[in-house]
Asker: 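Input: one structure, supplied below.
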Amino acid sequence: ADMPAIGEGDATTPQGRLALAYDAYAGALEGQPAAAMKRMALQALGPGTLVEEQGADGLGPGLAALALMLTGDLQSAEAVLTAVIELGHEHGSAVGLTMAHNLRAMAILRRGRIGDALADLQAARSTHPDAWRDRSYPAQALEPLVLLHQAAPQRAVAHLSDWERSADPT
């Protein structure tokens, strides 16, 4: 079955819920009304349906969580990502756990819980160390920010130095 075109998602099918999650994320990025994008993301998620359908490795829950973050609903984003993390632990999904921990760290940091954000980043790194070495990995920039919030500039500099050394191909 083909995925519905953007704007054609509905909450009655797995493909429709994925399309709604994408539409909510894309709309939030484009500056569409936050309340409408939040409703769309929550509709996509349903009562845990999207997380259960897609599992920890699915794209939909992450897109919906990002849409919720962009619309300012950090608490709901954190709850979705916590459900993904729990599912990832149940099924041993390293990639899904890494993604969910990193996204949840972003939501938690925006809520002002610096220590919890750092714990999520460390969990992500320990769950999937190979992904951490990838220079494009977004959490690479988030951990030094968290460390700076903790008034630990030496640790932030050391982290960036370690990252540069591990990424240097020579």
Asker: First locate atom CE of M69, then atom CG of L81, and finally report the distance between them rounded to the nearest 0.5 Å.
Answerer: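 Result: 5.5 Å between the selected atoms.
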Asker: For P33, check side chain to side chain contact (heavy atoms under 4.5 Å, CB included) against everything at least two apart and list the hits.
Answerer: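 So P33 forms a side chain to side chain contact (heavy atoms under 4.5 Å, CB included) with A36.
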Asker: Under the rule for side-chain hydrogen bond (donor to acceptor under 3.5 Å, both in side chains), what residues qualify as partners of D73, not counting sequence neighbours?
Answerer: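 Only K38, S76 meet the side-chain hydrogen bond (donor to acceptor under 3.5 Å, both in side chains) criterion with D73.
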Asker: Looking at OG1 of T13 and CD of E53, how far apart are the two atoms once the value is rounded to the nearest 0.5 Å?
Answerer: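 Between atom OG1 of T13 and atom CD of E53 there are 8.0 Å.
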Asker: Looking at every heavy atom in both A65 and A77, which two are closest together, and how far apart are they?
Answerer: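 What the structure gives for the nearest pair is O-CB, 3.5 Å.
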Asker: Any chance you could measure T98, atom OG1, to L103, atom CG, to the nearest 0.5 Å?
Answerer: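 If we round to the nearest 0.5 Å, T98:OG1 and L103:CG are 11.0 Å apart.
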Asker: Taking the side chain as C-beta and beyond, is there a heavy-atom pair between R17 and T49 under 4.5 Å?
Answerer: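 Yes, close enough: below the 4.5 Å cut-off.
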Asker: Considering all heavy atoms of both residues, which atom of A56 and which atom of G88 are nearest to each other, and what is their separation?
Answerer: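 So the two residues come closest at CB-CA, 3.5 Å.
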Asker: Mind checking who shares a hydrophobic cluster with L97, ILVMFWY linked at side-chain heavy-atom distances under 4.5 Å?
Answerer: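 Members besides L97, by chain and number: I85.
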Asker: Can you see which heavy atom on G55 is nearest to which on P61, and at what distance?
Answerer: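 Taking G55 first and P61 second, the nearest heavy atoms are O-CG, 4.4 Å.
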Asker: Ignoring hydrogens, what is the shortest heavy-atom contact between M37 and A24? Give both atom names and the distance.
Answerer: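 Residues M37 and A24, closest heavy atoms: O-CB, 3.5 Å.
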Asker: Show your reasoning for whether side chain to side chain contact (heavy atoms under 4.5 Å, CB included) applies to D57 and M99.
Answerer: CA-CA 8 Å; D57 292 329; M99 182 268 312; over 6 Å; no
Asker: Over all heavy atoms of both residues, which pair between A41 and A67 is shortest? Give the atoms and the distance, please.
Answerer: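 Scanning both residues completely, I find the closest heavy atoms to be CB-CB, 4.0 Å.
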Asker: Using the salt bridge (charged side-chain N to carboxylate O under 4.0 Å, His left out) rule, collect all pairs that involve residues 80-102, keeping only residues at least two apart or in two chains.
Answerer: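 Found none.
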Asker: Any non-hydrogen side-chain atom of I114 less than 4.5 Å from a side-chain atom of L109?
Answerer: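 Sidechains of L109 and I114: in contact.
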Asker: Checking D116 now: which residues fulfil salt bridge (Lys or Arg N to Asp or Glu O under 4.0 Å) with it, not counting sequence neighbours?
Answerer: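 Listed in chain order: R113.
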Asker: Which side-chain hydrogen bond (donor to acceptor under 3.5 Å, both in side chains) pairs, counting each pair once, include a residue from residues 61-71, with sequence neighbours left out?
Answerer: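 Pairs touching residues 61-71 that pass the test: none.
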Asker: Going by side-chain hydrogen bond (donor to acceptor under 3.5 Å, both in side chains), name the residues that satisfy it together with R111, two or more places apart in sequence or in a different chain.
Answerer: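 Only E78 meet the side-chain hydrogen bond (donor to acceptor under 3.5 Å, both in side chains) criterion with R111.
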Asker: Kindly give the heavy-atom pair with the smallest separation between L20 and A11, and that separation in Å.
Answerer: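 Smallest interatomic distance, heavy atoms only, reads CD1-N, 3.6 Å.
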Asker: Within this structure, what is the CG-CG distance for the pair L63 and D23, rounded to the nearest 0.5 Å?
Answerer: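 Going from CG on L63 over to CG on D23, the span is 10.0 Å.
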Asker: Does the side chain of L66 reach to within under 4.5 Å of the side chain of M106, using non-hydrogen atoms?
Answerer: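 Side-chain contact under 4.5 Å: yes.
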Asker: Determine whether L45 and L68 make a side-chain contact, defined as any pair of heavy atoms from C-beta on separated by less than 4.5 Å.
Answerer: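 L45 reaches L68 side chain to side chain.
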